[in-house]
Amino acid sequence: MRRRSFLKGVVASGLPFVLPHVPLAAGSGRSVMRRVRPPDPQWPSAASWAKLSAAVGGNLIRPQALFAACQMNPNGVACADVLENMRNPFYIGDQPGGTEVSGWLDAWTPAPSEYAIRARNAADVAAGVDFAREHNLRLVVKGGGHSYLGTSNAPDSLLIWTRAMNKVWLHDAFVGQGCEGRVAAVPAVTAEAGALWIDLYHATTTEAGRYVQGGGCTSVGVAGLVQSGGFGSFSKGFGTAAAGLLEAELVTADGRVRIANACTNPDLFWTLKGGGGGSFGIVTRLTLRTHALPEFFGFAGGQIKAHSDVAFRELIARFIEFYRDNLLNPHWGEQVRLRPDNTLELSMVCQGLDDATITRLWQPFLNWVRGSTDLEASDITTGARPARSWWDVVARKKRGSHAMISDTRPGAPESHAWWSGDQDQVGAFLHGYDSLWLPAALLQGDKPRRLVDALFAASRHKKLEMHFNKGIAGAPEEAIARTRDTATNPAVAEAFVLVIIADGERPAYPGLARPAMDAAAARTNADEIDRAAAALRTVAPNAGSYVSESNYFNASWQKAYWGTHYEKLRAIKKKYDPDGLFIVHHGVGSEDWSADGFTRLK
Ligand SMILES: Cc1cc2nc3c(=O)[nH]c(=O)nc-3n(C[C@H](O)[C@H](O)[C@H](O)COP(=O)(O)OP(=O)(O)OC[C@H]3O[C@@H](n4cnc5c(N)ncnc54)[C@H](O)[C@@H]3O)c2cc1C
């Protein structure tokens, strides 16, 4: 009540409508900052928005929810368009109100911002940052829109949307600004912040025959993934994506366009390497190291079904031993999945090995499987292909491969395609999600027995996805050293695997007509994920978790995501963003804010 009458007084007096601090309680000595939202009287006037629009060349837009058209007219052309494209991640990423996942039970629901700037360059971004700061608005940033945790999405906010900034170019010899004469030039690739990983792979590998370490999912945004740390299929060979960052341009909370690299603003540079997206500023472009392209990328896939629990436990034990002795090295990444129905799914990839070597390597394990009457193997394939054609969508199509699905919208680049294995994630509604880094020490001495027990016990509750490329133990020393020089939890360098446990259901975007959700069953499903994670914690009680593929409800997120790096990250955040303009769920400094990011608590 007191606050409302104070607001009325401000409006009546015609004072400027910035109201950063409101007393929390008489005599408490504390104050609370509350960001403005419509219909607060301090919400910017139409004239202010018009001025901002002019400053960004007319690129101020009113985003709509993805299915707004269907709510307005279920039989209209616009609704038919979104229904036709809702399984296409590139289409979703091209919508200002689009989110790759359609929400998370009891966590977050997609909601469009009030306004969005479709940024063309750093100047547009700076105009938006200045406007949000001066008008005390909640600010959000979106690139590829692939946040599981919903951190590029907030109602009543101003969105800076970088998707239209997507140029990519290569350098033969790159030296960061201010590093001249101090750091050797290296081959590199620069991408604007709204580029997607397939854009970098196309330019770097398909066109130029080099390699850049990025993400696995082709439609993930480059800036969001690098700030996560970021893993691709071959990270075991090259370290995290963040470890390859050479320089970034970003706009900080004061509206300044800054360069961050090892020589200029090195503290800020370090935070961008895994400190989490949307917390330190808005990245407008990034430059990443490129590497010589290995001659081959290869794979080992298939399914092995055990006919009993005993046989499945034995299968897990044999695989772990085989992995430790043959695959824990820079070559091998991606996944093995352990399913509650006693099936082990192989979906491994490798770099730098030819066909014959891969076949020879897997033979002893596969021979043992085939020789067992308790196991049944199906669809087992191993092999290698020239690495240069890995992301070559056109070449893949020509040889009849169905591994990638193309964006067939008119005008879409031919290179835009996604892995068919990622299809189920497009639009998924999450019931639960968790991830744990398991230390490589668990593979030594008598520990594998306990590890196998824990994996088996966890697999009784849920399918476990063992992402070997998302733990850096086993990588070349140089890649480990570069990964250690990032903000990611140091546990990543000790871990041989990141285990992901997740489940959900078909798309549930607000406004999408679909059968009602069984919330009770969904919560039971989420509980099973928690039980599976608890079973793994019996062998890794202090396991860290990957910031961008993690549990929304993790109460120890600071320690889990960043470990001993957290206090340093918080100090740098205070230096560059003292008033918390950049706040995301479980991002650095977010403990000072209410869950919706609108009210400062301390
Ligand atoms: C289907 C799917 C597959 C995935 N696959 C992988 C994978 O293979 N490997 C992996 O490591 N991770 C993967 N992830 C996780 C992914 O890397 C992160 O969620 C990443 O942050 C997404 O970036 P984005 O730009 O696409 O998403 P957005 O939702 O746009 O952004 C994610 C976060 O980064 C912030 N952000 C975005 N752009 C900027 C910018 N320019 N400046 C500052 N902050 C910014 C946003 O505010 C938000 O907090 C996957 C996620 C999904 C949904």
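Order of listing sets the numbers, starting from 1, for every ligand and every atom in it. All values derive from a computational prediction rather than experimental measurement.
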Would you verify whether the NZ or CZ of R396 falls within 45 degrees of the ring axis of W390 while also being under 6.0 Å from that six-membered ring's centre?
-> yes
Hey, mind stepping through Q335 and S347 against side chain to side chain donor-acceptor pair (under 3.5 Å) and telling me if it holds?
-> CA-CA 5 Å; Q335 302 171 45; S347 185; 5.7 Å; no
Answer yes or no for F582: is there a heavy-atom contact with ligand 1 below 4.0 Å?
-> no
Evaluating non-hydrogen atoms only, which member of G221, G277, G281, A223 is closest to atom 43 (C) of ligand 1?
-> G281
Report yes or no: does a heavy atom of D422 sit under 4.0 Å from some atom of ligand 1?
-> no
Return yes when atom CZ of R506 has more than 12 non-hydrogen atoms of other residues, nucleotides or ligands closer than 6.0 Å, and no otherwise.
-> no
What atoms of ligand 1 come within less than 4.0 Å of a heavy atom belonging to G230?
-> 11 (O)
Heavy-atom contacts with L225 under 4.0 Å: which atoms of ligand 1 show up? List them by number with element.
-> 9 (N), 10 (C), 11 (O), 12 (N), 17 (O), 20 (C), 23 (O)
Best match, E549, H146, E192: closest heavy atom to atom 14 (N) of ligand 1 = E549
Can you tell me how far CG of D199 sits from OG1 of T204, rounded to the nearest 0.5 angstrom?
-> 10.0 Å
Does H467 have its ring centroid less than 6.0 Å away from the ring centroid of F231?
-> no
What atoms of ligand 1 come closer than 4.0 angstrom to any heavy atom of K142?
-> 30 (O)
